[in-house]
Enquirer: 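Take this structure, written in structure tokens, and hold onto it; I'll ask about it next.
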Amino acid sequence: MLKGKTAVITGASRGIGKAVAVRLGKAGANLVLSYRSNDAAMDELIESLEKDGIKAVKVKGDVSNSDDAKELMKVAKETYGSLDILVNNAGITKDKLIIQMKEEDFDSVIRVNLKGSYNCIKHAAKIMMKQRSGKIVNMASVVGVSGNAGQINYSASKAGVIGMTKSAARELAGRNITVNAVAPGFIETDMTKDLVEKAKDGMISGIPLGRLGLPEDVAEAVAFLASDSADYVTGQVLHVDGGMVM
Ligand code: NAP
């Protein structure tokens, strides 16, 4: 399905990004995997991908830094000769009620989640526009639509990602580049570990499908939007949340 395509996935060492890497790799894509700090997790992932015959290179860096984002796209082009898919998945949380939230907690979440996506789209688009093809998938969140107490910074960043997705979709459509977002609900990863331990039962009662999501649930939606099956889909937000937000 993605044979011979090059996919850049940010924040791929753990959680949803890792599941996306495995899913796109199994569909035949050659991978460029970004991460910020966790060398051991990334090395383990690359080793297991290679055992399955999947080509993957790692690039350590910070997506909120424009030069690091540029380097990521350059590695894709130089290693595999093209850049067909970008999955903007890297993200962080720094949850606090607004009266306790430090300015730095607000700024850093916006910088990684929102500016990081802008940096990567900008540098990827330059290559994709020349190719006259590309698929960009941004990781939003249900809370970017519904809001969530304690997540002013995070929900603002994800609402921003949704707006950015729609604007980029309009800008890039003429060059045959689609831009969509996936909005996961509560997915079992390191990001939600503490939250989930504390309030699992209460959370599940608010999910019509009656369970938390798995990273693999999100990876399936990304794989669809990154594939030729979604050629006529752009500017959309696909919720993968068990029906939490309708
Ligand atoms: P996670 O388990 O905490 O993993 C985050 C990944 O992002 C790691 O690979 C991390 O690298 C990388 N990363 C963090 N900051 C980075 C930076 N500045 N530059 C490059 N890479 C960076 O997170 P997750 O739960 O899989 O979430 C992935 C995405 O889905 C995020 O955008 C998140 O907001 C979104 N999402 C998650 C949920 C959920 O319930 N989990 C729900 C909705 C949306 P290191 O390993 O090196 O630290």
Side-chain angles (χ1 to χ4, degrees), residues 8-23 31-46 58-73 86-95 107-120 123 137-148 151 153-162 164-165 181-197 199-200 203-204 206-207 211-219 221-222 237-242 244-245:
V8 171
I9 303 156
T10 68
S13 55
R14 299 182 279 123
I16 293 171
K18 177 179 175 180
V20 170
V22 171
R23 180 66 180 77
L31 307 176
V32 178
L33 305 179
S34 110
Y35 68 114
R36 187 185 45 187
S37 58
N38 200 329
D39 297 307
M42 181 50 83
D43 288 344
E44 199 181 305
L45 173 61
I46 300 253
K58 61 176 179 175
V59 182
K60 189 174 184 173
D62 179 351
V63 291
S64 71
N65 179 305
S66 182
D67 290 342
D68 287 5
K70 189 174 181 183
E71 175 65 16
L72 202 50
M73 308 314 154
L86 165 65
V87 183
N88 270 317
N89 167 78
I92 60 168
T93 50
K94 290 205 173 160
D95 299 350
D107 288 347
S108 61
V109 169
I110 298 289
R111 214 164 39 233
V112 174
N113 299 3
L114 187 56
K115 191 180 168 209
S117 300
Y118 151 78
N119 285 337
C120 291
H123 294 299
V137 183
N138 299 319
M139 206 54 73
S141 166
V142 283
V143 307
V145 177
S146 65
N148 194 25
Q151 292 197 304
N153 50 0
Y154 183 77
S155 60
S157 74
K158 295 301 185 179
V161 164
I162 291 172
M164 190 184 287
T165 298
V182 172
F186 284 107
I187 310 299
E188 293 196 58
T189 68
D190 292 345
M191 185 176 273
T192 49
K193 209 166 49 193
D194 294 343
L195 212 65
V196 167
E197 297 296 311
K200 198 166 183 166
M203 256 174 208
I204 290 175
I207 303 172
R211 67 170 177 89
L212 299 176
L214 299 172
E216 290 74 16
D217 292 318
V218 182
V222 173
V237 182
L238 178 51
H239 284 242
V240 182
D241 63 4
M244 262 176 88
V245 172

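The analysis underlying the following values was restricted to heavy atoms, covering all of them including side chains, and did not include hydrogens, waters or symmetry mates. Just follow the structure's listing: the first ligand is 1, and inside any ligand the first atom is 1. On a predicted model such as this, the values are computed, not experimentally measured, just so you know.
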Enquirer: Let me know which protein residues bring a heavy atom to under 4.0 Å of ligand 1; chain then number is fine for ordering.
Expert: Gly11, Ala12, Ser13, Arg14, Gly15, Ile16, Tyr35, Arg36, Ser37, Asn38, Gly61, Asp62, Val63, Asn89, Ala90, Gly91, Ile92, Val112, Met139, Ala140, Ser141, Tyr154, Lys158, Pro184, Gly185, Phe186, Ile187, Thr189, Asp190, Met191, Thr192
Enquirer: Please give me the minimum heavy-atom distance between Val142 and Asp241, naming the atom from each residue.
Expert: CG1-OD2, 3.1 Å
Enquirer: With Arg36, which residues qualify under side-chain contact (heavy atoms from CB on, under 4.5 Å), at least two apart?
Expert: Ile92
Enquirer: Among residues at least two apart in sequence or on other chains, which ones pass side-chain contact (heavy atoms from CB on, under 4.5 Å) with Val22?
Expert: Lys26, Leu45, Leu49
Enquirer: For Ser13 and Asn38, test the side chains for any donor-to-acceptor distance below 3.5 angstrom and give the result as yes or no.
Expert: no
Enquirer: What residues form a side-chain hydrogen bond (donor to acceptor under 3.5 Å, both in side chains) with Ser146, not counting sequence neighbours?
Expert: none
Enquirer: Take a 6.0 Å sphere around NZ of Lys70 and say whether it holds more than 12 heavy atoms from other residues, nucleotides or ligands.
Expert: no
